Amino acid sequence: MIPGSRKELANLVTETTLEVYEDLTPQLIERLEQVKHSKELSEAQKNDEVMLDMMGFVKSCTNEIIIDVLAQIFGLE
């Protein structure tokens with residue numbers, strides 16, 4: 001699908017963003033639960049791990065959104 005306007009592109013990006021976040025969020029929640037219940041990490045280390053996991057999550061989502069939107073625009077599978 002090639003968007004014909006900026007609004008159509010915005011809608012495509014928004015829809016893709018929602019899908020990607022919904023797909024990847026369960027993995028993040030699982031990882032955060034692992035960190036939360038880790039007995040090997042101090043509270044400060046847990047906070048650091050959570051921050052790193054969140055940054056990685058956002059990066060992964062952003063990359064996936066860009067790839068998915070471009071694939072749709074160029075008709076790639």
Side-chain angles (χ1 to χ4, degrees):
M1 171 208 171
I2 298 175
S5 68
R6 184 178 180 90
K7 182 170 177 49
E8 287 178 3
L9 178 59
N11 289 339
L12 177 60
V13 171
T14 299
E15 289 173 19
T16 304
T17 299
L18 293 173
E19 291 171 7
V20 168
Y21 274 81
E22 286 176 4
D23 288 346
L24 296 181
T25 297
Q27 296 171 20
L28 174 64
I29 292 170
E30 182 179 325
R31 177 64 185 138
L32 295 177
E33 286 297 316
Q34 290 171 352
V35 170
K36 178 180 172 183
H37 297 295
S38 175
K39 297 190 188 315
E40 292 88 34
L41 300 174
S42 69
E43 287 303 312
Q45 289 171 319
K46 287 179 183 180
N47 289 336
D48 290 345
E49 284 293 317
V50 166
M51 188 179 311
L52 289 172
D53 289 339
M54 293 299 295
M55 289 184 339
F57 175 73
V58 171
K59 178 189 170 292
S60 295
C61 288
T62 302
N63 287 348
E64 195 64 31
I65 292 162
I66 292 168
I67 291 166
D68 287 355
V69 168
L70 289 175
Q72 289 181 49
I73 291 171
F74 293 118
L76 306 172
E77 290 188 28

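All figures in this text were calculated on a predicted structure; none of them were measured in a lab.
Transitive grouping of hydrophobic side chains (ILVMFWY, heavy atoms separated by less than 4.5 Å) keeps I67 and V58 in distinct clusters. Residues V20 and M54 share a hydrophobic cluster, clusters being chains of Ile/Leu/Val/Met/Phe/Trp/Tyr side chains in contact below 4.5 Å. Residues L24 and L52 are members of separate hydrophobic clusters, defined by side-chain heavy-atom contacts under 4.5 angstrom among Ile, Leu, Val, Met, Phe, Trp and Tyr.
Partners of D53 under the salt bridge (charged side-chain N to carboxylate O under 4.0 Å, His left out) rule, at least two apart in sequence or in another chain, are R31. Shown here are the side-chain hydrogen bond (donor to acceptor under 3.5 Å, both in side chains) partners of Q45, two or more places apart in sequence or in another chain: S42. Every residue meeting the salt bridge (charged side-chain N to carboxylate O under 4.0 Å, His left out) condition with E43, not counting sequence neighbours, appears here in chain and number order: K46. Checked against side chain to side chain contact (heavy atoms under 4.5 Å, CB included), I66 has the following partners two or more places apart in sequence or in another chain: T62, L70.
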Can you give the donor-acceptor pairs under 3.5 Å from side chains of residues 6-16 to other protein atoms, not counting sequence neighbours?
unit_1 : atom_1 : unit_2 : atom_2 : d
E8     : OE1    : G4     : N      : 2.4
N11    : ND2    : K7     : O      : 3.4
T14    : OG1    : A10    : O      : 2.8
T16    : OG1    : L12    : O      : 2.8

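Judged as a ring pair (Phe, Tyr, Trp, His ring centres under 6.0 Å), not a single pair has a partner in residues 58-77 (not counting sequence neighbours). Sorted by first and then second residue, the pairs that involve residues 18-64 and meet ring pair (Phe, Tyr, Trp, His ring centres under 6.0 Å), not counting sequence neighbours, are Y21-F57.
Here the OG1-CD1 distance, from T25 to I29, works out to 6.0 Å after rounding to the nearest 0.5 Å.
Contact of the E33 side chain with the K36 side chain is registered, since non-hydrogen atoms from C-beta on lie closer than 4.5 Å.
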